[in-house]
There are 2 protein chains.
Amino acid sequence: MDKAQLKKAGLKVTLPRIKILNILEASDENHLSAEDIYKSLLLNSEQIGLATVYRVLTQFEAAGIVNRHHFDGGQSLFELNRGGHHDHLVCVECGKIVEFVEEIIEERQKSVALEHGFTLVHHSLTIYGICPDCQP
Amino acid sequence: MDKAQLKKAGLKVTLPRIKILNILEASDENHLSAEDIYKSLLLNSEQIGLATVYRVLTQFEAAGIVNRHHFDGGQSLFELNRGGHHDHLVCVECGKIVEFVEEIIEERQKSVALEHGFTLVHHSLTIYGICPDCQP
DNA sequence: ATGTATGCAAAACATTTGCACCTGG
DNA sequence: CCAGGTGCAAATGTTTTGCATACAT
């Protein structure tokens, strides 16, 4: 249940937060921009400002409820954190996003950080390509 | 010689382009923002607008002369393309950037793209961590 | 000469913030 | 009740664009 998730993060259970969480959960596309979410709220006739969407998403990010990605092209995309870490394959033609997990790459990244004396915080791997549907 | 590089890209050899190329080559920091370059030009008392810096960098990117990176935090960083592909390790404390090459990771990325039927275009791997100097 | 480039100012975006009002616990 | 949350509008930071002028070939 969503409300517990919010409380655990020390956030009051407010209508905007619940609505936004619902949209993230219900969307068939896992990666949404703040604008996408805002439009979605408008469609549902919700009276929520874009600024609030950004504020809520930023708080959700800090609470580990969502992850923020900066793929090529201006805006950030937000994805519900469903637990398992994964990286992304993005189609440069149609924008489709495919998630993948590659244990070997994860391992090697840890080694690289270690070799350079870095304490690993997080990482971002995005492969850009042309998906099967956009192939000539 | 720089001029040949510009001509080869179909770009006229103009003063702003040469100056910007010089700054990229001369800087001891390989990764500069448009603003960094602009400030650098001002220090050298060059009369070049920020808009021109952006236009030139965008053209350089299209010509393969520089690479553009979107690390965490607003602006883009530009790096002279010296040939060898590499990925980046970024310190979240001080912003230091270390380049690295990891053949195994490169290989696995190709496999991942292939397995999903994607034609690989390019990729971006950034590891964020805390560098030795910023370690507590 | 002539098509490109440039400078400047203004526009366009994505995101953040100030502030008065509202609301959840 | 009251700290925290929200809406709106205005501010911000970065990058792009329109347009008249200047320059490379």
Side-chain angles (χ1 to χ4, degrees), chain A residues 1-23 31-42 44-63 65-78 95, chain B residues 1-23 31-42 44-63 65-78 95:
Chain A
M1 184 218 255
D2 301 340
K3 300 184 184 178
Q5 215 176 146
L6 291 174
K7 275 186 184 145
K8 199 169 55 182
L11 298 172
K12 279 186 183 169
V13 179
T14 63
L15 208 126
R17 288 178 181 151
I18 292 175
K19 295 292 178 192
I20 292 173
L21 212 38
N22 284 166
I23 286 174
H31 305 81
L32 301 176
S33 66
E35 194 74 37
D36 290 337
I37 293 173
Y38 179 60
K39 284 192 204 129
S40 201
L41 288 166
L42 289 185
N44 292 35
S45 320
E46 299 295 345
Q47 196 60 56
I48 297 177
L50 181 55
T52 298
V53 174
Y54 274 105
R55 272 187 290 236
V56 168
L57 287 171
T58 301
Q59 292 161 337
F60 282 7
E61 186 191 11
I65 297 172
V66 302
N67 290 113
R68 180 194 298 246
H69 302 290
H70 311 279
F71 298 137
D72 280 10
Q75 4 90 348
S76 300
L77 296 186
F78 298 84
Chain B
M1 179 216 261
D2 301 339
K3 300 186 184 178
Q5 215 175 148
L6 292 174
K7 277 187 182 144
K8 199 169 58 182
L11 298 172
K12 280 186 182 169
V13 179
T14 63
L15 207 126
R17 287 178 181 151
I18 292 176
K19 295 292 179 193
I20 291 174
L21 212 37
N22 283 166
I23 285 174
H31 306 80
L32 301 176
S33 67
E35 194 73 35
D36 290 337
I37 294 173
Y38 179 59
K39 283 193 205 129
S40 201
L41 287 167
L42 289 185
N44 291 36
S45 320
E46 299 295 344
Q47 196 60 56
I48 296 177
L50 181 56
T52 298
V53 174
Y54 275 105
R55 273 189 288 236
V56 168
L57 287 171
T58 301
Q59 293 160 337
F60 281 6
E61 185 190 12
I65 297 173
V66 303
N67 291 114
R68 181 194 297 246
H69 302 289
H70 312 278
F71 299 136
D72 280 10
Q75 5 89 346
S76 300
L77 296 187
F78 298 85

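Protein chains get the first letters and strands the later ones, always in sequence-line order, with residue 1 at the start of each.
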Between [atom2] on [N] and [atom1] on [X], what's the gap in Å once rounded to a whole number?
| X | N | atom1 | atom2 | result |
| --- | --- | --- | --- | --- |
| Lys19(B) | dT6(C) | NZ | C1' | 16 Å |
| His70(B) | dT14(D) | NE2 | P | 15 Å |
| Leu32(A) | dT15(C) | CG | C1' | 17 Å |
| Gln75(A) | dT16(C) | CD | C1' | 17 Å |
| Asp36(B) | dT15(D) | CG | C1' | 15 Å |
| Ile20(B) | dA5(C) | CD1 | P | 13 Å |
| Glu35(B) | dT16(D) | CD | P | 14 Å |
| Leu41(A) | dC8(D) | CG | P | 12 Å |

Inset, instruction - Verify, without hydrogens or angle tests, whether Arg17(A) (side chain) and Lys12(A) (backbone) share a donor-acceptor contact under 3.5 angstrom. - result: yes

Inset, instruction - Check DNA chain C against residues 45-63 of chain B and give the residues with a non-hydrogen atom under 4.0 Å, in numerical order. - result: Gln47(B), Ile48(B), Gly49(B), Ala51(B), Thr52(B), Arg55(B), Val56(B)

Mind listing the closest non-hydrogen atom pair of [X] and [Y] along with its distance?
| X | Y | answer |
| --- | --- | --- |
| Gly49(A) | Tyr38(A) | C-CE1, 3.8 Å |
| Val53(B) | Ala34(B) | CG1-O, 3.7 Å |
| Pro16(A) | Thr52(A) | CB-CG2, 4.0 Å |
| Val13(A) | Ile18(A) | CG1-CD1, 3.4 Å |

Using atom names, set out every protein N or O paired with an N or O of nucleotides 10-12 of chain C below 3.5 Å, distance rounded to 0.1 Å.
none

Inset, instruction - Could you check whether Ser76(A) gets within reach of a base, just the sugar-phosphate, or nothing at all, counting any heavy atom under 4.0 Å? - result: sugar-phosphate

Legend entry - Phosphate OP1/OP2 of dG24(C) contacted by Arg17(A) side-chain N/O (<4.0 Å): no

Residues 66-78 of chain B side chain polar contacts: donor-acceptor under 3.5 Å, at least two apart:
from: Arg68(B); atom 1: NE; to: Glu61(B); atom 2: OE1; distance (Å): 3.0
from: Arg68(B); atom 1: NH2; to: Thr58(B); atom 2: OG1; distance (Å): 3.3
from: Arg68(B); atom 1: NH2; to: Glu61(B); atom 2: OE1; distance (Å): 3.4
from: His69(B); atom 1: NE2; to: Glu79(B); atom 2: OE1; distance (Å): 2.6
from: Asp72(B); atom 1: OD1; to: Tyr128(B); atom 2: OH; distance (Å): 3.2

Inset, instruction - To the nearest 10°, let me know how far the axis at one end of the helix from dA1(C)-dT25(D) to dG25(C)-dC1(D) is tilted from the axis at the other, five pairs an end. - result: 30°

Does [X] reach the side chain of [Y], with side-chain heavy atoms less than 4.5 Å apart?
| X | Y | result |
| --- | --- | --- |
| Leu6(B) | Thr14(B) | no |
| Ile37(B) | Leu57(B) | yes |
| Leu11(A) | Phe60(A) | yes |

Legend entry - Residue mapping more 5' on DNA chain C - nearest nucleotide basis, Leu77(A) or Pro16(B): Pro16(B)

Legend entry - Reported CD-to-CZ distance for the pair Gln59(A) and Arg55(A), which is rounded to 0.5 angstrom: 8.5 Å

Legend entry - Distance, nearest 0.5 Å, that separates CD1 of Ile20(B) from CD1 of Ile65(B): 11.0 Å

Inset, instruction - Hey, which sits more toward the 5' end of DNA chain D by its nearest nucleotide, Tyr38(A) or Gly74(B)? - result: Tyr38(A)

Legend entry - With sequence neighbours excluded, residues passing side chain to side chain contact (heavy atoms under 4.5 Å, CB included) with Glu46(B): Leu15(B), Lys19(B), Leu41(B), Asn44(B), Ile48(B)

Legend entry - Contact state string [nucleotides 20-25 of chain D, B base, S sugar-phosphate only, - no protein heavy atom under 4.0 Å]: ----BS

